[in-house]
Amino acid sequence: MRIGNVCNVDWRAMAAGVLSLALAGCAHLSAEDGCASFGEAVYCLQPSTSSFSVTQSVERSHAKGVERLIVYLEVKEGDIRMVGLTPFGRRVWQIRSIAAHISSDIAPDVELNAPRILAGLQLALWPLEQARAGVRGAAARLLETPDGGTRQLMNGETVMLIATCEGVRPLCRRTRLRYETLGQDLLIEALEGSES
């Protein structure tokens, strides 16, 4: 109904829209291809050969300080979901990869690269040959220590990422991701988890 120059507006629909934007906070959505760059070395996400879910305690150290998060990770064939929460339950980020297409919802005050986080987890948790299949670049290679506990993503002689796993993959009791060229370190401890 039109009254003069003013349109009749469905205020309930508008209020619902505003509410949904408010609940989403100031986060932004982005979509990216399924590859992460580590200088000249590149890692392209690989599908999982197992299904599992795990709740983790994560300590992220970087130039601006240390953050502690609770992360829920769910992996199914061709699908990875991650949600990062503060210890008080505020959602900081959400990352999803379906068929190596990554979508993320990351709070604007958080400097986080979704493809690198997923790549680091795959380099640490996936079976060695499957993780090696994702490594790209003329001088790029993935090395593993004889005991299988530590992996290094190399670009020539330069170490780009060090990933360690204490326990049995994919449900490592403790995982450490050291992004050597980025000055970032993630210490991840499994709180509870199960393979499907």
Side-chain angles (χ1 to χ4, degrees), residues 30-50 52 54 56 58-67 69 71 73 75 77-82 84 92-106 110-172 174-190:
S30 66
E32 305 173 51
D33 70 7
C35 294
S37 174
F38 297 90
E40 296 294 314
V42 173
Y43 182 80
C44 295
L45 298 180
Q46 300 298 299
S48 176
T49 56
S50 63
F52 64 95
V54 62
Q56 306 165 317
V58 177
E59 182 177 283
R60 180 176 170 240
S61 303
H62 49 89
K64 294 182 181 178
V66 176
E67 299 168 332
L69 299 169
V71 174
L73 171 64
V75 176
E77 189 175 327
D79 187 7
I80 302 171
R81 297 174 195 216
M82 294 180 71
V92 179
W93 48 265
Q94 183 171 318
I95 301 171
R96 185 164 188 195
S97 173
I98 301 174
H101 176 77
I102 301 168
S103 61
S104 60
D105 181 0
I106 301 171
V110 176
E111 293 178 23
L112 190 73
N113 182 292
R116 282 194 196 122
I117 294 297
L118 291 175
L121 285 172
Q122 286 195 2
L123 287 164
L125 304 179
W126 268 214
L128 181 60
E129 292 310 312
Q130 189 178 6
R132 282 185 171 151
V135 176
R136 309 279 190 275
R141 64 193 188 285
L142 181 62
L143 305 177
E144 184 176 75
T145 57
D147 67 358
T150 303
R151 294 177 178 174
Q152 294 182 331
L153 177 61
M154 305 288 294
N155 184 40
E157 297 304 313
T158 305
V159 177
M160 308 306 286
L161 172 82
I162 298 174
T164 60
C165 169
E166 294 175 20
V168 179
R169 289 181 174 92
L171 294 174
C172 304
R174 187 175 183 149
T175 306
R176 185 171 188 172
L177 303 176
R178 289 182 53 208
Y179 295 87
E180 293 290 322
T181 57
L182 302 174
Q184 190 173 164
D185 193 14
L186 277 75
L187 180 59
I188 304 165
E189 297 200 29

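- Taking CD from Gln46 and CD1 from Ile80, the interatomic distance works out to 10.0 Å, rounded to the nearest 0.5 Å.
- When all heavy atoms of Asp147 and Thr150 are compared, the closest pair comes out as OD1-N, 4.2 Å.
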TODO: Assess whether side-chain contact (heavy atoms from CB on, under 4.5 Å) is satisfied between Gln94 and Ser104, documenting all intermediate values.
DONE: CA-CA 6 Å; Gln94 183 171 318; Ser104 60; over 6 Å; no
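- For the residue pair Cys35 and Val42, the shortest heavy atom distance occurs at CB-CG1, 3.9 Å.
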Next on the checklist: Could you go through Leu118 and Ile95, starting from their C-alpha distance and side-chain angles, then the distance that decides it, and tell me whether this counts as side-chain contact (heavy atoms from CB on, under 4.5 Å)?
Outcome noted: CA-CA 9 Å; Leu118 291 175; Ile95 301 171; 3.6 Å; yes
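- The two residues Leu45 and Gln122 make their nearest non-hydrogen contact at CA-OE1, 3.4 Å.
- Atom CD of Glu180 is separated from atom CG of Leu177 by 11.5 Å, given to the nearest 0.5 angstrom.
- Distance alone, capped at 3.5 Å, places no donor-acceptor pair between the Thr175 side chain and the Ile188 backbone.
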Derivation and outcome, side-chain contact (heavy atoms from CB on, under 4.5 Å), residues Tyr179 and Ile117
CA-CA 10 Å; Tyr179 295 87; Ile117 294 297; 4.1 Å; yes
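- Crowding of Glu111 atom CD: a count of heavy atoms from other residues, nucleotides or ligands under 6.0 Å not exceeding 12.
- Inter-residue side-chain proximity for Val159 and Ile162 is flagged as met; some heavy-atom pair is nearer than 4.5 Å.
- In this structure, the side chains of Leu171 and Val54 come closer than 4.5 Å at one or more pairs of heavy atoms.
- For the residue pair Ala119 and Tyr43, the shortest heavy atom distance occurs at CB-CD2, 3.5 Å.
- Residues Met82 and Leu121 have side chains in contact (heavy-atom distance under 4.5 Å, counting atoms from C-beta outward).
- Of the charged side-chain nitrogens involved, none lies within less than 4.0 Å of a carboxylate oxygen, so that Arg60 and Asp185 do not count as a salt-bridged pair.
- Trp126 and Phe52 have perpendicular rings, their planes meeting at more than 60° on a 0 to 90° scale where under 30° would count as parallel.
- Here CZ of Arg178 is found 13.5 Å from CE of Met160. Values are rounded to the nearest 0.5 Å.
- Between atom CZ of residue Arg176 and atom CD of residue Glu189 there is a gap of 11.0 Å, rounded to the nearest 0.5 Å.
- Between the side chain of Arg151 and the backbone N or O of Leu123, at least one donor-acceptor pair lies under 3.5 Å.
- When every heavy atom of Leu142 is checked against every heavy atom of Leu153, the shortest pair comes out as CD1-N, 4.0 Å.
- Side chain of Ser48 to main chain of Ser50: a donor-acceptor pair is present (N/O by atom type, distance under 3.5 Å, no hydrogens or angles).
- Rounded to the nearest 0.5 angstrom, Arg174 CZ and Gln56 CD are separated by 13.0 Å.
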#### Entry: Residue pair Leu186, Glu59: steps toward the side-chain contact (heavy atoms from CB on, under 4.5 Å) verdict
CA-CA 6 Å; Leu186 277 75; Glu59 182 177 283; over 6 Å; no
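- Annotation for Gly34 and Ile102: closest pair CA-CD1, 4.0 Å, computed over non-hydrogen atoms.
- Of the possible donor and acceptor atoms, one in the side chain of Asn113 sits under 3.5 Å from a partner among the backbone N and O of Arg116.
- With Arg169 contributing its side chain and Pro127 its backbone, the two residues share no donor-acceptor pair below 3.5 Å.
- Salt bridge present: Arg96 and Asp79 bring a charged side-chain N and a carboxylate O closer than 4.0 Å.
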